[in-house]
Amino acid sequence: MALSRSFFFLLSLTLISTQITTTNGVLSQQSNIILPSEQPRTEKLTHIHFFYHDIRDNKNPTIVQIIDTPKNVPNGFGSTFMMDDAMTEGPELSSNHIGRAQGLSGLSSLQDLGMFMLTNFVFKEGEYGGSSLSMLGRNPISEQNREMPIVGGTGFFRFARGFAIANSVDSISTPEHFVVEYNITVSHP
């Protein structure tokens, strides 16, 4: 008699756990929610070319120094700047405006003119309008072909990663209006 009670108890427990497992499996199969890990990922490779304009005049500056350093510090180490620069299709400020380069930069090297940059490229016009790319990295400003990482983005560039190549356009730059050419390559869904 004791054996038959424990047998029925174990049989009932097995049937109940099987019913719960099956019910949970059916519910999850009926769900319309698709987890990111279950979505097929196809990556796009996008190349973007533009210019941005640091304007340092007294009337309408687009870059301002927010922290200065003592005169005895080499290479301006610690000097920090905020910017909200126009991004254009061509090297002239009068060419088509496609967005703004907004961010923070600072001279971060005691040995050379190395700068850290935290810049958001905010696209206002064209096929990328309403989207942005975020760049964070070291900018050795005295070199040509400076490479910096793209670490993210929004909108069209959500989950973006890639790199930016920056080149100073010395032929048209002045101390009051510095022009930088950017070629950006990003991979994104």
Side-chain angles (χ1 to χ4, degrees), residues 34 36-37 39-57 59-66 76 79-109 112-189:
I34 299 173
S37 61
Q39 294 179 358
R41 290 200 54 171
T42 56
E43 294 286 316
K44 298 175 199 153
L45 196 61
T46 301
H47 302 282
I48 305 164
H49 177 252
F50 61 86
F51 297 82
Y52 84 51
H53 303 264
D54 276 339
I55 299 175
R56 299 172 191 248
D57 68 15
K59 293 182 280 184
N60 295 308
T62 63
I63 184 168
V64 295
Q65 186 169 0
I66 58 173
S79 296
T80 307
F81 305 85
M82 291 294 293
M83 69 176 179
D84 184 4
D85 293 340
M87 292 169 33
T88 60
E89 285 182 354
E92 299 82 19
L93 187 56
S94 61
S95 68
N96 188 35
H97 285 237
I98 59 168
R100 305 294 293 184
Q102 301 170 330
L104 177 71
S105 61
L107 293 167
S108 59
S109 176
D112 60 11
L113 289 176
M115 179 178 273
F116 80 88
M117 291 191 73
L118 169 60
T119 306
N120 291 308
F121 299 113
V122 181
F123 296 93
K124 304 277 186 183
E125 301 294 328
E127 65 182 302
Y128 310 128
S131 301
S132 68
L133 286 169
S134 295
M135 180 178 72
L136 173 64
R138 183 176 192 278
N139 183 352
I141 58 178
S142 60
E143 298 175 14
Q144 283 293 79
N145 297 312
R146 305 179 301 271
E147 183 175 344
M148 291 163 280
I150 299 295
V151 297
T154 63
F156 185 81
F157 298 115
R158 190 174 291 139
F159 293 114
R161 64 197 180 287
F163 64 95
I165 302 292
N167 289 295
S168 302
V169 185
D170 295 328
S171 61
I172 62 171
S173 292
T174 67
E176 293 81 29
H177 182 177
F178 191 69
V179 182
V180 181
E181 178 182 27
Y182 272 86
N183 284 288
I184 296 177
T185 301
V186 290
S187 178
H188 56 97

Atom pair CE (Met148) and CZ (Phe163), whose distance is rounded to the nearest 0.5 Å: 11.5 Å

Value rounded to 0.5 Å, distance of CD1 in Ile141 from CG in Leu113: 5.0 Å

Pairwise distance CD(Glu127) to CD1(Ile48) - rounded to 0.5 angstrom: 8.5 Å

Smallest separation among heavy atoms of Val122 and Met87, with atom names: N-SD, 4.2 Å

Between Tyr182 and Tyr52, ring centroids under 6.0 Å: yes

Value rounded to 0.5 Å, distance of CZ in Arg138 from CZ in Arg146: 11.0 Å

Check: Val64 and Phe81 side chains under 4.5 Å, non-hydrogen atoms: no

Side-chain H-bond candidate by donor/acceptor type, Glu89 with Ser95, under 3.5 Å: no

CA sep, side-chain torsions, deciding dist, call: Leu107, Phe116, side chain to side chain contact (heavy atoms under 4.5 Å, CB included): CA-CA 7 Å; Leu107 293 167; Phe116 80 88; over 6 Å; no

Expected output: side-chain Thr88 to main-chain Gly90 donor-acceptor under 3.5 Å: yes

Heavy-atom side-chain contact between Pro189 and Arg158 under 4.5 Å: no

Leu136 vs Ile150, side chain to side chain contact (heavy atoms under 4.5 Å, CB included): CA-CA, chis, key distance, verdict: CA-CA 7 Å; Leu136 173 64; Ile150 299 295; over 6 Å; no

Ring center gap for Phe50 and Phe121 short of 6.0 angstrom: yes

Thr62 side chain to Ile55 backbone, donor-acceptor under 3.5 Å: yes

Arg56 side chain near His177 side chain, heavy-atom distance below 4.5 Å: no

Check: Thr185/His47 side-chain N/O donor and acceptor closer than 3.5 Å: yes

Any Asp170 side-chain heavy atom under 4.5 Å of Val179 side chain: no

Rounded distance [0.5 Å steps], NE2 in His97 versus CD in Glu125: 10.5 Å

Glu43 with Arg161: basic N within carboxylate O range, under 4.0 Å: yes

Between Asn120 and Gln102, a side-chain donor and acceptor under 3.5 Å: no

Check: Ala166 main-chain N/O paired with Glu181 side-chain donor or acceptor under 3.5 Å: no

Of Val180, Val169, Leu93, Ile172, the residue whose pairing with Phe51 passes side chain to side chain contact (heavy atoms under 4.5 Å, CB included): Val169

Donor-acceptor under 3.5 Å (Ser134 side chain, Gly153 main chain): no

Side chains of Phe156 and Thr46 in contact at under 4.5 Å (non-hydrogen atoms): yes

Pair Ser105-Met83, side chain to side chain contact (heavy atoms under 4.5 Å, CB included): steps then yes or no: CA-CA 8 Å; Ser105 61; Met83 69 176 179; 5.6 Å; no

Aromatic centroids of Phe157 and His188 separated by under 6.0 Å: yes

Donor-acceptor side-chain pairing of Ser109 and Asp112 below 3.5 angstrom: yes

Separation of Ile165 CD1 from His49 NE2 (nearest 0.5 Å): 12.0 Å

Min side-chain heavy-atom separation Val186-Leu45 under 4.5 Å: no

Side chain to side chain contact (heavy atoms under 4.5 Å, CB included) between Lys44 and Ser187, worked out: CA-CA 6 Å; Lys44 298 175 199 153; Ser187 178; over 6 Å; no

Backbone N/O of Gly155 and side chain of Ser131: donor-acceptor pair under 3.5 Å: no

Heavy-atom closest contact (Ser132 atom, Phe123 atom, distance): CA-CD1, 4.2 Å

Check: Asp85 and Arg100 side chains under 4.5 Å, non-hydrogen atoms: no

